[in-house]
Structures are given as structure tokens and as C-alpha cells.
J.: 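For reference, the structure I am asking about is given below.
Both ligands and their constituent atoms are indexed starting at 1 by order of listing. Start at 1 with the first residue, then count along the sequence. Please read these numbers as outputs of a predicted model, since none were measured by experiment.
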Amino acid sequence: MLTTSHWQVLRLHAERLSAVRLRDLVGSDPARAGEYSLRVGPIYASFARQHLDARARTALFALVQAAGLPAAVRALFDGAQVNASEHRPALHTALRGTLGQGAAARDAHALAAAARLRMDALEQALLDSPVTDIVNVGIGGSDLGPRLAVDALKDFHTGRFRVHFLTNVDGSAAQHLLRGLDPARTAAILVSKSFGTQETLLNGAILRDWLGGSERLYAVSANVARAEAFGIAPGRVLPMWDWVGGRYSLWSAVGFALQLAIGREGFAGLLAGAAELDAHVLDSAPEHNLAVWHALVGVWNRNGLGHASQAVLPYDERLALLPAYLQQLVMESLGKSVRNDGTHVLAATVPVLWGGAGTNAQHSFFQALHQGTDPVPADFIGVVRAAHAHDANHRALLSNLLAQAQALANGAESADAQKRYPGDRPSSLLLLDELTPESLGALLALYEHSVYLQSVLWGINAFDQWGVELGKQIAGELLPAVSDASVHVQDPVTRALLREIHSRR
Ligand code: F6P
């Protein structure tokens with residue numbers, strides 16, 4: 001486990017480096033661009049514009065052994081109980097490859113393979129049916145991964161089905177979606193690991209009524225009994241397991257809607273791309289390990305330089321949903337202040353993650369990135385080869401991507417204080433050769449591993465999310481008071497708000 005002195009060392013390096021401009025670090029060393037970059041499969045990653053030098057880098061890599069990262073990676077793949085508070089493994093890697101050893105991993109490989117056969121059979125049945133539209137009903141990890149991948153891989157859609165997503169408990173979402181669909185040609189997949197999530201059950205009930213029964217209702221759940229009690233025939237319930245976290249579940253039957261959009265070969269490509277990244281993470285020495293680099297840069301920015309915010313800036317319209325997906329992956333996994341042993345963390349943990357697609361974001365929040373008081377480290381993501389014929393647009397997109405990262409790092413002087421760009425704003429650049437199921441799988445697996453490694457460095461659990469429970473519990477307690485004005489509520493502010501709501505309903 002890391003101690004206060006490890007974090008102190010990082011802060012001392014950051015203090016030393018506060019006197020060194022990022023543009024000088026970059027400009028004074030022609031070898032830096034090469035030494036701070038890695039290629040893994042379809043991803044080229046450059047960390048050359050992170051605000052660290054060789055000494056800080058050595059201090060960071062010293063954390064790898066001190067925190068036991070190699071053993072932790074092995075434990076993840078082998079199915080050790082890395083989710084300590086729930087006494088479970090987190091075997092998402094077993095959904096896309098067969099790398100782990102040990103009984104838990106082997107069992108998971110077999111279950112995942114059997115589930116894929118069932119997905120293929122249900123896909124075939126739908127292909128043979130008159131269904132044209134699929135509604136994925138789910139929220140959080142049962143929505144964000146498939147939604148991102150369906151959108152990102154639109155160039156790979158077979159065109160056989162249109163895939164829609166219904167998420168919010170706000171009834172206007174259902175109302176607007178269903179207005180444009182024909183119940184005779186629509187099937188719905190209720191995706192919920194627990195099958196106890198309020199939003200999904202309410203929207204699922206709307207779908208069941210609208211479809212006139214449960215004949216074209218499918219489910220993906222770890223709680224088959226609840227799905228069956230909802231009226232879904234066992235033959236149309238695809239499995240999930242407690243050893244897959246919701247936000248790590250795209251690779252399971254949670255990706256069924258994606259498979260219907262891009263076909264089973266496309267889905268297999270996504271898994272293969274992730275599996276290639278898995279093999280890299282498991283087998284590579286820390287200095288050549290992309291996930292280790294990404295994770296160390298994360299803790300450097302958070303704990304060395306003290307940045308409390310992190311931007312994700314995909315320069316590809318198809319990856320516009322990536323920041324939303326990563327918000328759950330990163331902030332639900334790392335938004336903790338207590339370590340696995342119950343003690344308070346010794347260093348700050350998760351930064352606030354946010355972002356948006358370039359170039360659109362340049363015309364909204366980039367002003368703050370360039371001249372705001374708080375530097376925000378950024379992950380820029382680019383795609384080298386476009387999937388369209390508008391070459392002039394693509395060249396403009398790439399030049400904007402390169403320009404923004406350079407401007408943020410180097411800044412620019414001006415006699416006019418308003419026009420001065422301070423620079424020293426660090427960023428990483430992840431460049432995909434092209435956006436395919438394989439490269440998307442690799443990119444998402446990279447972030448998953450980086451998140452896990454950061455959790456090990458901080459000593460926290462990346463796979464539970466106790467923080468979301470209190471609000472759910474209070475919402476359940478308040479529901480009777482929203483329905484009936486005479487129900488007494490203890491909290492005086494909530495009581496006043498309820499009075500206001502009831503007076504205007
Ligand atoms: O409330 C948070 C959460 O539990 C997420 O972790 C999860 O992805 C989401 O709700 C949906 O849960 P389920 O798949 O069980 O409906």
C-alpha cells in the first residue's frame with residue numbers, strides 16, 4: 001500500500017517543476033515526443049505534453065511496485081475478489097478473452113461463451129421476425145456503453161434494425177420515443193443487472209403495455225427470477241452475473257442491442273479489440289504498458305499537480321457520447337474517499353470528468369481551458385482515417401485537434417494581458433488509426449484498466465458504488481409524500497418544497 005511519503009514525493013516533484021514551463025520541457029528535448037509515446041494495436045498515445053520530466057517520471061513509475069500493480073492486474077484477470085466490499089471478482093476481462101487463470105476465471109469464460117451463443121440465437125430469431133426497431137431500456141451501465149457503441153459504430157450498422165434507447169424515468173422520454181415507433185414492429189430489451197432499478201422497471205412497464213404484452217420483451221439480467229416475474233419468458237432472458245460491474249458490462253449480453261445494430265461479427269470485433277488491449281496490459285512491463293502510463297499520468301495530475309478536474313475531448317463526432325460514458329466509468333469507480341480497509345484515503349481521488357466533442361467544444365468551453373484560472377488536464381482523442389469522403393473537413397478536424405493541444409501546452413505571449421495565453425495546460429493525445437469495433441474495444445478497455453490501476457494506487461474499490469444508495473432510499477421514502485399531500489415529511493426544506501409542488505399541481 002502506498003503511504004503519505006509516496007504522495008509527498010510526487011508533490012515535491014510538482015513543486016520543483018512549477019518553475020519549469022511545459023513548452024520548455026517539450027521544446028528543449030527533441031527525443032521527448034518519442035520517449036513519452038507508445039503504440040498498442042490501433043492506438044498511438046502521446047504523453048509528451050504532460051507536465052513531468054524524467055525525474056518525476058521515475059518517481060511515478062516507482063509507485064508501480066510500491067502499490068503492487070502487476071500483482072493487482074493478475075488478480076483482476078484471475079478472478080480474485082477485487083471487489084472487496086461485495087466479496088466478488090470483477091471479471092469483465094473474461095467476457096472478451098480467456099487470459100485469466102484459476103477456477104473463477106475459467107468458469108466465467110465458459111459462462112460468457114454460452115451466453116454469446118444464446119445472444120446469437122436470439123439475434124437470429126429477431127432477424128427472422130418482422131421487427132425493425134429495438135428499444136434498449138436501461139440506465140447507467142445498462143445504457144451508456146451500448147448507447148455509446150451504437151452511436152460510435154454507426155458506420156458499421158447492418159441497417160436491419162434501428163436501435164433506440166430509453167433511460168430517464170422522466171415520462172416525456174418514453175412519450176417522445178414511442179410516438180415514432182410501431183408496436184407491431186418493435187421489440188424491447190430490458191437491461192438491468194439487478195432488475196430492481198426504478199427507472200427501468202417503470203419504463204419497462206410502459207413498453208409492456210404499449211407492446212400489448214411481453215411477447216416481444218427481452219431481458220438481460222443477473223436476476224432471472226425478477227425478470228420472469230415481470231412476465232418475460234426464460235428463453236428471452238439473457239444472463240449477467242454478479243462478477244460483472246454494470247459500468248464494465250458492455251462486453252456481456254448488455255451489448256445485445258449493439259450486436260443487433262452491428263451484427264455478431266461486429267460485436268466479436270469489439271471483444272477482440274478489447275482482448276488485445278487486455279493481453280497488452282497483462283503482459284507488458286510497466287514502462288511499455290499503456291494502461292500503466294495512463295493511470296500514472298492520472299494520479300500525477302490529481303495528486304502531484306493537484307488538478308481536480310479532467311476533460312475528455314474526442315475529435316470525432318461519433319465519439320460525442322464518450323465523456324458521458326467515461327463519467328460513469330471513472331466517477332462511479334473512483335469517487336471514493338475510504339480505502340478498502342475502511343480508513344480514509346491518503347491522497348485526493350477522482351477528478352471531476354467532463355468534456356465534449358471537438359470542434360464543437362472549441363466554440364463553447366475552450367475559452368476556460370485556455371485562459372481560466374484552473375488548468376484542466378485533457379485527454380484529446382483523434383481518429384486518423386475518416387470513414388467519409390469529405391477530406392477537406394477531416395483535414396480541418398485534425399489540424400484543430402493538433403492546434404488545441406499545442407496551444408494549451410505552449411501558450412502565447414502578448415503585450416495585451418487579455419490576449420495572453422498562459423500555457424502549461426497538460427494533455428495526452430490518443431490517436432486511433434480508424435474508428436472500428438476493434439479500436440473502440442481497445443480504447444474502452446484502456447480506460448477500464450487505467451481506472452482499475454488508479455483505484456489500486458489509491459487503495460480504493462473500483463467496483464462498488466455505495467454512494468448512490470442513500471438518494472435512492474430517500475426517493476423511495478418520499479414517493480408517498482409526492483403522491484399524497486397529507487403525508488408528513490421530517491426535513492423542513494423538503495416539506496416546504498412539497499407544499500409548493502402540491503399547491504401547483
Ligand atoms: O445506481 C447506480 C447503478 O447501480 C449503476 O451502477 C448501474 O449501472 C445502474 O445503477 C443500473 O443498474 P441495473 O443494471 O441494476 O439496472
J.: Determine, using ring centers only, whether Phe463 and Tyr452 are less than 6.0 Å apart.
T.: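 Centroid separation for Tyr452 and Phe463: below 6.0 Å.
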
J.: Would you say the side chain of Thr349 lies within less than 4.5 Å of the side chain of Arg302, judging by non-hydrogen atoms?
T.: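 No, every pair of side-chain atoms sits at 4.5 Å or beyond.
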
J.: What residues come within 4.0 Å of ligand 1, counting heavy atoms only?
T.: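 The answer is Ile139, Gly140, Gly141, Ser142, Ser192, Lys193, Ser194, Thr197, Gln328, Glu332, Gln465, Val468, Lys472, counting any residue whose heavy atom sits under 4.0 Å from ligand 1.
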
J.: What heavy-atom pair brings Met119 and Ser252 nearest, and what distance separates the two atoms?
T.: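 In terms of heavy atoms, the two residues are closest at CE-O, 4.0 Å.
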
J.: Please report the closest heavy-atom contact between Ala253 and Val220, naming both atoms and the distance.
T.: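 Closest heavy-atom pair between Ala253 and Val220: O-CG2, 3.5 Å.
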
J.: With a 4.5 Å cut-off on side-chain heavy atoms, are Leu181 and Leu177 touching?
T.: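 A side-chain contact exists here, since the closest heavy-atom pair is under 4.5 Å.
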
J.: If you round to the nearest 0.5 Å, how far is CG of Leu369 from CG of Leu313?
T.: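 Reported value, rounded in 0.5 Å steps: 6.5 Å.
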
